[in-house]
Amino acid sequence: MEVLKPVPEEKTKKEAKLKKVMIIVSKATLENVYASFILANGARMEGIESELFFTFFGLEAITKSKLEHLHVATVGNPAMHIPTMLGGLPGMEAFATTMMKKEMEKLDIPPVDEFLEILSASGVKMWACKLAMDMFHLEKKDLIDDLEGVLTVGDFYNRAHGEGTHLMFI
Amino acid sequence: MAETAIRVSEEGYLEDFTQWSPEVGAEIAAEEGITMTDEHWKVIDYIQDQYKNEVPLTIRKVGKSGVIDIKEFYALFPGGPLKKASRISGIPKPVSCI
């Protein structure tokens with residue numbers, strides 16, 4: 001069988017391929033958590049290794065009692081196109097969150113708990129930051145069972161070895 | 001096998017699904033380093049069904065299909081399961097981000 005393939009343009013530079021992404025999740029607003037999850041999952045879909053490091057408020061996204069109640073930030077976000085004063089009214093966050101969740105379901109984007117299961121099944125390694133855990137008085141039992149472990153920042157950097165590894169802060 | 005010319009895109013996806021046959025699928029799989037088994041073919045059947053019904057594919061949908069779970073999907077088609085399985089299925093490259 002002959003395969004007719006268009007001839008690709010000649011490459012002058014040697015390609016440096018992305019092999020591993022390490023994403024630091026520092027906030028637990030719904031939009032930031034989804035951005036991190038989609039990036040981590042998208043990497044796996046391309047055959048790229050990916051890891052998530054949850055620190056500071058980002059820990060809420062893997063805290064069992066909190067992860068189903070994450071909200072969209074309605075204050076201090078000009079792209080919401082509502083006056084900041086209005087965004088601060090009671091119920092606004094809940095309203096914006098419900099609206100966003102509806103839109104995401106239409107696009108087949110899973111809720112946070114299911115997304116975490118997908119990430120784990122896809123081979124994304126998830127880590128919690130030790131210092132932030134101490135600060136928020138969290139124990140390992142408070143966090144999701146799929147967690148790979150608890151790391152210091154140094155441990156995390158030590159995992160970032162190897163050519164083609166990129167770090168992202170969200 | 002008779003020599004047939006198969007048209008593919010620059011990324012190796014079939015341009016005309018009518019040119020697909022299980023032999024073509026197996027050959028593309030071999031290019032990806034995958035030896036097809038009954039388990040693989042079950043997934044390919046499912047993907048082709050979804051394509052024929054114009055359902056856009058996502059990892060989540062495959063995981064909920066009842067055919068295979070996500071872990072097994074990654075194990076059967078290592079290094080980008082949705083893309084590789086789509087290529088073997090003879091359908092266009094998936095456009096989904098999830």
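The chains referred to below are lettered A, B, ... by the order of the sequence lines, with proteins before strands, and numbering in each begins at 1. Note that this is a predicted model, so its numbers are computed, not measured.
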In terms of heavy-atom pairs under 4.5 Å with chain B, which of A/N41, A/I48, A/I38 leads?
A/N41
Can you establish whether the number of heavy atoms outside A/M168 located under 6.0 Å from its atom CE is more than 12?
yes
Suppose a student defines contact as a heavy atom less than 4.5 Å from any heavy atom of chain B. Which residues in residues 60-86 of chain A would they list?
none
Sidechain-backbone polar pair: A/T98 side chain, A/A94 backbone, donor-acceptor under 3.5 Å:
yes
Do any of residues 37-61 of chain B have a heavy atom less than 4.5 Å from a heavy atom of chain A, and if so, which, in residue order?
B/T58, B/I59, B/R60, B/K61
Okay, side chain of A/D142, backbone of A/E139: is any donor-acceptor separation there less than 3.5 Å?
yes
Are there more than 12 heavy atoms of other residues, nucleotides or ligands under 6.0 Å from atom CZ of A/F136?
yes
Is a side-chain N or O of B/K84 found less than 3.5 angstrom from the main chain of B/P78, in a donor-acceptor match?
yes
Considering only distance and modelled atom types, tabulate donor-acceptor pairs under 3.5 Å from the side chains of residues 85-98 of chain B, sequence neighbours left out.
residue: B/S86; atom: OG; partner: B/L82; partner atom: O; Å: 2.7
residue: B/R87; atom: NE; partner: B/G12; partner atom: O; Å: 2.7
residue: B/R87; atom: NH1; partner: B/E32; partner atom: OE2; Å: 2.7
residue: B/R87; atom: NH2; partner: B/E31; partner atom: OE1; Å: 2.8
residue: B/S89; atom: OG; partner: B/A85; partner atom: O; Å: 2.6
residue: B/K93; atom: NZ; partner: B/E11; partner atom: OE1; Å: 3.4
residue: B/K93; atom: NZ; partner: B/E11; partner atom: OE2; Å: 2.9
residue: B/S96; atom: OG; partner: B/I98; partner atom: N; Å: 2.9
residue: B/S96; atom: OG; partner: B/I98; partner atom: O; Å: 2.6

Would a single hydrophobic cluster contain both A/M135 and A/L143, if residues Ile, Leu, Val, Met, Phe, Trp and Tyr are joined by side-chain heavy-atom contacts under 4.5 Å?
yes
Checking B/Q19 side chain against B/R7 main chain: does a donor-acceptor pair fall under 3.5 Å?
yes
Would you say the side-chain atoms of A/K140 pair up with the backbone N or O of A/V150, donor to acceptor, closer than 3.5 Å?
no
Counting only heavy atoms not in B/F17, do more than 12 sit closer than 6.0 Å to its CZ atom?
yes
Does anything in residues 68-77 of chain B reach chain A? List residues with heavy atoms under 4.5 Å apart, or say none.
B/I70, B/K71, B/Y74
For the side chain of A/N32 and the backbone of A/A28, is there at least one donor-acceptor N/O pair under 3.5 Å apart?
no
Does A/F115 share a hydrophobic cluster with A/I144, counting links as ILVMFWY side-chain heavy atoms below 4.5 Å and allowing steps through other members?
yes
Step-by-step side chain to side chain contact (heavy atoms under 4.5 Å, CB included) determination, A/F56 to A/C129:
CA-CA 8 Å; A/F56 277 82; A/C129 166; 5.8 Å; no
Sort A/E117 into side chain, backbone, both or neither according to what part of it lies under 4.5 angstrom from a heavy atom of chain B.
neither
Looking at side-chain heavy atoms only, is the closest gap between A/W127 and A/R159 below 4.5 Å?
yes
